[in-house]
Each structure stands twice: as C-alpha cells, then as structure tokens.
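Since the structure is predicted, the reported quantities are computational estimates derived from the model, not experimental observations. Both counts, for ligands and for their atoms, begin at 1 and track the order of listing. Computation of the quantities below employed the complete heavy-atom set of this structure, encompassing side-chain atoms and omitting hydrogens, waters and symmetry-equivalent molecules. We number each residue from 1, following the sequence as shown.
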Amino acid sequence: MAKALNLSANPLVDPFGRAITYLRVSVTDRCDFRCVYCMSEDMHFLPKADLLSLEELDRLCSAFVARGARKIRITGGEPLVRRGIMTLFRSLSRHLAAGAMDELTVTTNGSQLARHAAELVDCGVRRVNVSLDTLDAAKFRAVTRWGDLDKVIGGIDAAQAAGLAVKINAVALAGVNDDEFERLIEWSHGRGMDITFIEVMPLGEVEGQRADQYLPLSQVRARLAQRFTLSDTPYNSGGPARYVRVAETGGRIGFITPMTHNFCESCNRVRVTCTGTLYMCLGQEDAADLRAPLRASADDDLLQAAIARAIARKPKGHDFVIDRATARPAVGRHMSVTGG
Ligand code: SAM
Ligand code: SF4
C-alpha cells in the first residue's frame, strides 16, 4: 500500500496555468467490440505481462488524487472486460468516502454493464457514459463489427434501474448514423439521458479513410436546429462538451468538437494507460513512463517526481487534421490505448 501523502495543497499545474484535476485511466487496451473508427479488425493487443496490476493502477491513481485530481474516469479499451476490475472501483471509492475526490466514473460500451451496474453504484459511481452510435441492430453490428445491440440496451436498462445517470456518447459518422441523430436524441431524452455527439478523431490506423467518416458537428448542429429549438446552456459535465438544451424534449445535447472547435485552452486532464504510460495530451505523441518509477520503490517519491516532470511539459494543445491530403493519423496509437 502506498504511503499516505498530503500533497493536495500543492496541485499539479501545467506551464499554461491549467490545473490538472481530471485523470482518465485506460485499464486495458482490449475490447469485446472492434468499432470501425476506433480499431482495425486485426488488432495486436499488449501482452498481459506488460499491464499494471490493479493494485499498481490504484497506486498510480492515488498519486494523482494526492496532487489534486478530483475526478477519475475509468476507460479503455473496454474497461469492464478487464478481469477483477471491480476491485479497482472498490479501492478507489475510498477517496470519494474521504472527500479527496468528487467523482469516480466510467466510459463503457455497455456490453458488460448489466452484471456490474449495482456494484458500480455500491462503489460510489453515480454517472456512466455509454457509447452507442446507432439504434439499428444491423448497423450496430456493422459499426462495432461484433456488438449485440440488445445486450447494450440491457446494460443501459440495468444501469438506470440501479440508479446510475447514463449519458450516451455517439460518434458522428458520415453515411453511417447521420440519418439517425434525431431518433437518437428523442430516444435518449425519452429515457432521461443526455446525449453527446463526438467528432471522429484521427487516432490510429483503421480500415478506410478518416475523411470518409468525418462529419463536422457544426453541420450537425445546424441541421438539428431545423428540427429542434436549441438553446445554449452553461452546463458543464467536467469534460470538453458544450451543451444545448432542447425545448421539445427538455433534454441536453453535448457536442465534443476537437476538430471544428479546439477546446484545449480549458484542458484539465491527462491520461494514463494500462502500462503506466502518461499522455499529457490525447493528440500528441509525447508521453512519460510512470511504471518504472512506480516499481522502483515502495514509496511514491520517484513516482510523484516523474508525474511533476511530465506535467511541466504538457503541450498547449493538439493539431488534428482530417483531410484527404493527410493520409496518416495525427497520432499512431488507437483511441483504445489512451482511452476516450
Ligand atoms: N470501450 C469504451 C467505449 O466504447 O465507450 C471506452 C473506450 S472508447 C475508446 C471511448 C470513446 O471513444 C467512445 O465513446 C468511442 O466512441 C470514442 N472513440 C473511439 N475512437 C474514436 C475516434 N477515432 N474518434 C472519436 N471518438 C472515438
Ligand atoms: Fe471498443 Fe470502445 Fe473502441 Fe468500440 S470505441 S472498439 S467499444 S474501445
């Protein structure tokens, strides 16, 4: 067990004055789906021996909490396919109980949610993000390559029955789900769930052209405004989404627009992978190895020093480009490595 540190009076602040209060942790690069925009069909996953143990992941997360991280999102790959993952939620929940953290949450594809929903609530999780790009079962299977829509809907049912607030995340995909946005909104809002649309980002090699998948959300919003009465809201869920309220449904729509509107100026987050690699920006290659300092000593001094050095070089922002002239992805790793 890591020694107790009281460093929260000394929060992590990057060179641009942004306090790092939000940690996203990809606990596995594996997944039971192969979404076409996220992974190639033939993925090579990390050998299990390279992964941090759940105890090591706890220690890593706790080092960030000690330096002022108030929110942790467990993600992946598909976080709920990692064996024993509830142990990590359970152990991290102590920071919620102690008031050292405000929120523990998860982004999931929903396939395993039915069997974990009640325990997540028990571990202090109050909100979950479920990724769902289409309500058409055949299309869902095509987008995820392997996914079963009924299982995901069952997971959402179970999550809501357990008392979790669910937010739907949908990647806007040209020619795939762009005929369904209104239906997705009405369905989500009808169930009391917010929905956030995400622009596809050029992360990792996938089959096909990113330019064919990419749909600017500025266009989507303009189209939705013809059907719904949208009004801007100051609501902020702690992430990069900008929200509008829909008068007709009473629900909210979020837009995550890394491509059309760069939100880096308010970035409060960093990401750590299941091998203990810290990425200071989703859209840049620069990274810091935290596994070596974590394993080098039983106390956290080396780890804390490595974290502080890494935050001191957090870049100002990403420079994503999607166009036909730019064939290669902005960064080589897939979204499933760093987590959404
Ligand atoms: N497996 C979980 C899930 O699907 O929710 C968590 C990990 S997944 C990488 C997190 C989010 O990233 C999902 O909402 C997914 O749709 C999104 N995503 C994956 N690849 C993306 C890409 N290239 N551009 C934009 N969003 C992407
Ligand atoms: Fe898996 Fe999530 Fe990537 Fe889909 S988006 S392949 S569910 S990690």
Side-chain angles (χ1 to χ4, degrees), residues 24-43 45-46 73-82 85 105-113 116 127-134 140-149 151-152 155-156 159 166-174 176-177 184 188 194-217 220 237 239-241 254-260 263 269 271 273-274 279 282-283 318 320-322 328-340:
R24 293 193 174 201
V25 188
S26 175
V27 295
T28 176
D29 63 333
R30 290 168 195 253
C31 187
D32 50 348
F33 293 178
R34 293 285 181 281
C35 301
V36 291
Y37 48 80
C38 178
M39 294 193 181
S40 63
E41 189 153 20
D42 173 29
M43 289 290 285
F45 294 111
L46 292 162
R73 178 175 299 279
I74 304 297
T75 178
E78 174 46 41
L80 300 184
V81 301
R82 174 140 183 192
I85 190 62
T105 185
V106 59
T107 300
T108 172
N109 66 22
S111 69
Q112 312 296 317
L113 198 48
H116 291 307
R127 304 189 296 175
V128 297
N129 286 358
V130 179
S131 302
L132 180 62
D133 304 322
T134 171
F140 186 80
R141 184 162 293 272
V143 171
T144 59
R145 292 197 179 100
W146 299 354
D148 175 356
L149 178 65
K151 223 172 152 193
V152 173
I156 294 171
V166 177
K167 179 167 76 75
I168 299 296
N169 278 347
V171 178
L173 296 164
V176 177
N177 62 358
L184 275 163
S188 302
D194 288 343
I195 179 166
T196 293
F197 292 101
I198 307 172
E199 283 174 340
V200 74
M201 289 176 269
L203 302 175
E205 295 282 2
V206 292
E207 286 84 4
Q209 276 260 3
R210 289 279 181 206
D212 292 334
Q213 299 176 334
Y214 174 56
L215 187 59
L217 286 183
V220 174
S237 61
F255 296 96
I256 300 187
T257 54
M259 308 302 298
T260 50
F263 44 58
R269 73 203 50 200
R271 296 170 160 87
T273 72
C274 54
Y279 285 97
L282 178 65
H318 66 68
F320 290 144
V321 178
I322 293 185
R328 296 198 57 76
V331 296
R333 62 185 188 279
H334 290 89
M335 186 78 158
S336 50
V337 173
T338 5

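- The side chain of Val171, and not its backbone, has at least one atom closer than 4.0 Å to an atom of ligand 1 (non-hydrogen atoms only; side chain from C-beta on).
- Using a 4.0 angstrom heavy-atom cutoff, Glu199 counts as in contact with ligand 1.
- Residue contact check for ligand 2: Ser131 places no non-hydrogen atom closer than 4.0 Å to it.
- The closest approach between Ser26 and ligand 1 stays at or above 4.0 Å for every heavy atom of the residue.
- With a 4.5 Å cut-off on side-chain heavy atoms, Glu41 and Arg145 count as touching.
- Numbered from 1 in the order shown, with element, the atoms of ligand 1 that lie under 4.0 Å from a heavy atom of Val200 read 24 (N), 25 (C).
- Between the side chains of Thr108 and Glu78, a donor-acceptor pair is found at a separation under 3.5 Å.
- Residue Thr75 has no nitrogen or oxygen atom sitting less than 3.5 Å from a nitrogen or oxygen atom of ligand 1, judged on distance alone.
- The part of Cys38 lying near ligand 2 is the side chain, judged by heavy-atom distances below 4.0 Å.
- Among the backbone and side-chain atoms of Cys35, an N, O or S atom lies under 2.8 Å from atom 4 (Fe) of ligand 2.
- Counting heavy atoms from C-beta on, the side chains of Met43 and Asp29 never come closer than 4.5 Å.
- Using modelled atom types and a 3.5 Å distance limit, the side chains of Ser26 and Arg271 yield no donor-acceptor pair.
- Some N or O of Thr108 is nearer than 3.5 Å to an N or O of ligand 1, by distance alone.
- Here the side chains of Thr134 and Leu149 are not in contact, with every heavy-atom distance at 4.5 Å or above.
- Taking only nitrogen or oxygen atoms, main chain and side chain alike, Glu78 reaches within less than 3.5 Å of ligand 1.
- For ligand 1, the atoms sitting less than 4.0 Å from at least one non-hydrogen atom of Gly76 are 7 (C), 9 (C), numbered in the order shown with element in parentheses.
- With ligand atoms numbered from 1 in the order given, ligand 2 contributes 8 (S) to contacts under 4.0 Å with heavy atoms of Gly77.
- Proximity of Val176 to Gln213: side-chain heavy atoms (C-beta onward) are nowhere separated by under 4.5 Å.
- Considering only heavy atoms from C-beta on, Phe45 comes within 4.5 Å of Met39 through its side chain.
- Against a heavy-atom cut-off of under 4.0 Å, Cys38 is close to the following atoms of ligand 1: 19 (C), 20 (N).
- Judged as a side-chain contact (heavy atoms from CB on, under 4.5 Å), and not counting sequence neighbours, the contacts of Ser111 are Asp32, Phe33, Asn109.
- Applying the 4.0 Å criterion to heavy atoms of Phe33 picks out, from ligand 2, the atoms 6 (S), 7 (S).
- With hydrogens and angles disregarded, no donor-acceptor distance shorter than 3.5 Å links the side chain of Asn169 to the backbone of Asn129.
- The closest side-chain heavy-atom distance from Val166 to Leu113 is not below 4.5 Å.
- At least one N or O atom of Met201 sits closer than 3.5 Å to an N or O atom of ligand 1.
- For ligand 1, one of its N or O atoms has an N or O atom of Gly77 under 3.5 Å away.
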